[in-house]
Amino acid sequence: MQMLFPCRQTISRIHTPSNPREDTASKIVQVLRKNSGIDILKHSPLILSTLNSHAVQLVLSNSRLPLRSCLLFFNFLRENPAHKPDLVAHLTLIRRLYDERKFTDIQFVLNCIANDVDLRTPVSKIVSLVEGGTDDSIFVQKLCDMLFRVYTDNGMFEEAVVVFDYMEISGFKILERICIVLLLALKRCNRIDMCFSFFRRMVGANVEVTIYSTTIVIDGFCRRGEVERAKDLMEKMVTKGIEPDVFTYNMLINGFYIKGMVEEAIKMKAIMEHKGFEPDVVTYSTIACGLCKLKRYEEAKMWLFTMIGKGLTHNLVTFNILINIYSKIGNLDEANRLFEEMKKGGVRPDIVTYNTLIDGYLKKGNLQEIMWLFEEMEKGRVRPDIVVYNILINGYCKKENLEEAKRLFEKMEKGGVRANTVTYNILIDGYCKKDNLDEAKWLFEVMEKSGVRRNTVTYNTLIDGYCKKDNLEEAKQLFEEMEEGGVRHDIFTYSILIDVYCKKNKLEEAKLLFEEMEESAVRPNIVTYNTLIDGYCKNAKLEEAERLFGEMEKGGARLDTITYNTLIDAYCKEEKMEQAYKLRNRMEARGVRVDTVTYNLLIDASCKKGDFKEVERLFEEMEKKDVRGDKVTYTILIDKYCKKGNLTKAHKLRGVMEVMGSMPDLYTYASLIHGELSFGKLDEALKLFSEMKQRGIIPNDFTYTTIILGLSKQGRLDEALRLYDEMIEAGITPNDRVAFIQRLRS
DNA sequence: ATAGGGTTAG
């Protein structure tokens, strides 16, 4: 303990001034008692030259000198390296300050002691120094309280605990109120273990602990994701007669929220009600938020409506959550209505409100509304923050406009808003999805250099990028790098790798990883299962897939649309249409949303069978069930009509799809071009070909090859050659069917 | 309380 307090000086006792230079002291007192005495003293080198520790002590303890003058003198000495006041001087002043109950000033002086290595002294020594002339134990206790507080405020937690120990040994009464300062400070600094151990010391020292301190520790555990431990602590305290209150319950509910355990959070709310506590706005908001995190927006909405129904009023947070819900489910009209309602009700929207709405409108492609929101923000002096930049940069990335995304990124940094981990993650994902792994990896390196922390999402994004590019080596290396760098693998990391193994027909490897995942206590979720089921399906192991599916169903897992679609696809591919329809009906019966993909699978299968009646029936059914066709739906049909030679119908459908808001993509164009060419309509095909390129759709090798062959068949060799070069330029490797071009060249 | 990553169909 002594080590904590380097103490170089030898201290004489305070209250026995045996100073041979009482002269100096009384001279100084005389000067200081005058008006502006301190200024006179500053210009009296003769007096100052005789000043020493004892003289200072005499001056400060002289009751004829007003306290104000003492403080001026003390500060003058502090600013003067030659006359730096020693520990005794500090303590003398403290004693005087205490007599006049100037506690703020005492804290200031104690602060000086704590922050000066030369003065720092063990609490026992300080006490022995002041106790020499006083048996005022209330003063000593008060001094300890304040010293404890000063150490805490300065982040000197170990020193604070030493004071606590001293107080315990001395048999002082330690108030919970004092200890809470340290508990809160430790929690704020994320020193949760120390927070808990100090709490235990409090209990051990018979401090009258209440639910207040207990809740601080519980909150600390919860925030660190240790909600179970928090719950255990609560239960243990209940046996000691300390009952949780609304705050405690809310903290525990928040703990479950952090871990994504909404069901547990809801259970906890029931318990608190059972114990006679009314859930408040925080309780309901936390549960609603937890449901939002799980994308269960309808339930989240219900909870908030229940809250309002109970007469609890909306605040900024609940408005923001509700606006977020409507934004996420795409009902921007309702989100905007709430936005107006909150303003009318006198709740000022904040940066979160604006960001939420901007994100919602961006995903709807409504740029006009976004402009208005930005104008309103400026008027309300709400400054754009990193989150809204990330939203916009992400918008550009998802539209594959990486140039604009990067431009905004640079503009943002020039404007003084620093990119964070999320910003980089967004851009890295953008470049990965654009197949520009070099740029993605470069940004990954830039993060390191600019001191932006790389987290699990960063690694997952890049690993997925490499997996999708078939670069398993790089992916695996990053996976290992995570371990070394202390970045945790999570369910995404495993799912990404399990997927790539499934897709590469390495089912054994996938299963091995699945087991490894369970060992590292990462629980598989619906995505992991869907990935594996698809892996089995596509590797001719339908029975295995069915087995896993049944296991999930029995285990009470929430099977989702993708789970069903994956199996329906497998049945369609094996032409087991009866089974496919049976599953479709089952998903409906279980309340699982039948979506566009489900219909696309059935429509495609019916097309392949040539059962157009069924195709039409399915189309009608989609309309009735309000399932919108997408570009894949239309492309399936367009392809079918092209193959049948009904080009008029195919083009008509292409028109319909654009009216319905689905843009034709690579596959659509490929079908149409192939259709035109098989009827010798080369110019029509060329027109489509340049149209798709104009729209920024990069043709694949199949499209290039088909067009090049079409051109060469009609003797238009120059054009064929030009396209061939264009294809090479685009980085597409030519296949055997156009190898003749090389010979043609030479 | 707002932003980022993994699974299905042509």
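As the structure is a computational prediction, the values presented were derived from the model and not from experiment. A note on names: the letters A, B, ... follow the listed sequences, proteins ahead of strands, and every chain is numbered from 1.
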In whole angstrom, give the distance that lies between atom [atom1] of [X] and atom [atom2] of [N].
X: M377(A); N: dT2(B); atom1: CE; atom2: C1'; answer: 11 Å
X: H314(A); N: dA1(B); atom1: NE2; atom2: C1'; answer: 13 Å
X: L601(A); N: dT8(B); atom1: CG; atom2: P; answer: 12 Å
X: I323(A); N: dT2(B); atom1: CD1; atom2: P; answer: 13 Å
X: I321(A); N: dA3(B); atom1: CD1; atom2: C1'; answer: 16 Å
X: L532(A); N: dT7(B); atom1: CG; atom2: C1'; answer: 10 Å
X: L672(A); N: dG10(B); atom1: CG; atom2: C1'; answer: 13 Å
X: N600(A); N: dT8(B); atom1: CG; atom2: P; answer: 15 Å

Per [X] side chain, nearest of listed nucleotides [options]:
X: I496(A); options: dG6(B), dA9(B), dA3(B); value: dG6(B)
X: V597(A); options: dG6(B), dA1(B), dT8(B); value: dT8(B)
X: S495(A); options: dA3(B), dG6(B), dA1(B); value: dG6(B)
X: V527(A); options: dT7(B), dA3(B), dG10(B); value: dT7(B)
X: V352(A); options: dG6(B), dA3(B), dA1(B); value: dA1(B)
X: K503(A); options: dA9(B), dT2(B), dT7(B); value: dT7(B)
X: N355(A); options: dA3(B), dT2(B), dG6(B); value: dT2(B)
X: I391(A); options: dA1(B), dG10(B), dA3(B); value: dA3(B)
X: Y667(A); options: dA1(B), dG10(B), dG6(B); value: dG10(B)
X: V422(A); options: dG10(B), dG6(B), dA3(B); value: dA3(B)

Might you point out which heavy atoms bring P349(A) and L316(A) nearest each other, and give the distance in Å? CA-CD1, 4.3 Å
Answer with base, sugar-phosphate or nothing: what part of the nucleic acid does [X] contact at a heavy-atom distance below 4.0 Å?
X: N315(A); answer: nothing
X: D604(A); answer: sugar-phosphate
X: T566(A); answer: sugar-phosphate
X: L427(A); answer: nothing
X: T421(A); answer: base
X: T596(A); answer: nothing
X: D595(A); answer: nothing
X: K640(A); answer: nothing
X: K398(A); answer: sugar-phosphate

Any donor-acceptor N/O pair, H489(A) side chain to F479(A) backbone, under 3.5 Å: yes
Is the backbone N or O of N250(A) less than 3.5 Å from a side-chain atom of T283(A), with the two atoms forming a donor-acceptor pair by type?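 No, the answer is negative, given that no donor and acceptor are paired below the 3.5 Å cut-off.
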Cation-pi geometry met for K343(A) and F339(A) (6.0 Å, 45°):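 Ring-cation test returns yes.
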[X] side chain N/O closer than 4.0 Å to the phosphate oxygens (OP1, OP2) of [N]?
X: K608(A); N: dA9(B); value: no
X: K433(A); N: dG6(B); value: yes
X: K643(A); N: dG10(B); value: no
X: K363(A); N: dA3(B); value: no

dG6(B) base to D490(A) side chain: any donor-acceptor pair below 3.5 Å? no
Do Y297(A) and K295(A) come close enough that some side-chain heavy atom pair is under 4.5 Å? yes
Do I638(A) and M657(A) come within less than 4.5 Å of each other through their side chains, counting heavy atoms only? yes
Pairs satisfying salt bridge (Lys or Arg N to Asp or Glu O under 4.0 Å), at least one member in residues 665-678 of chain A, at least two apart: K631(A)-D665(A)
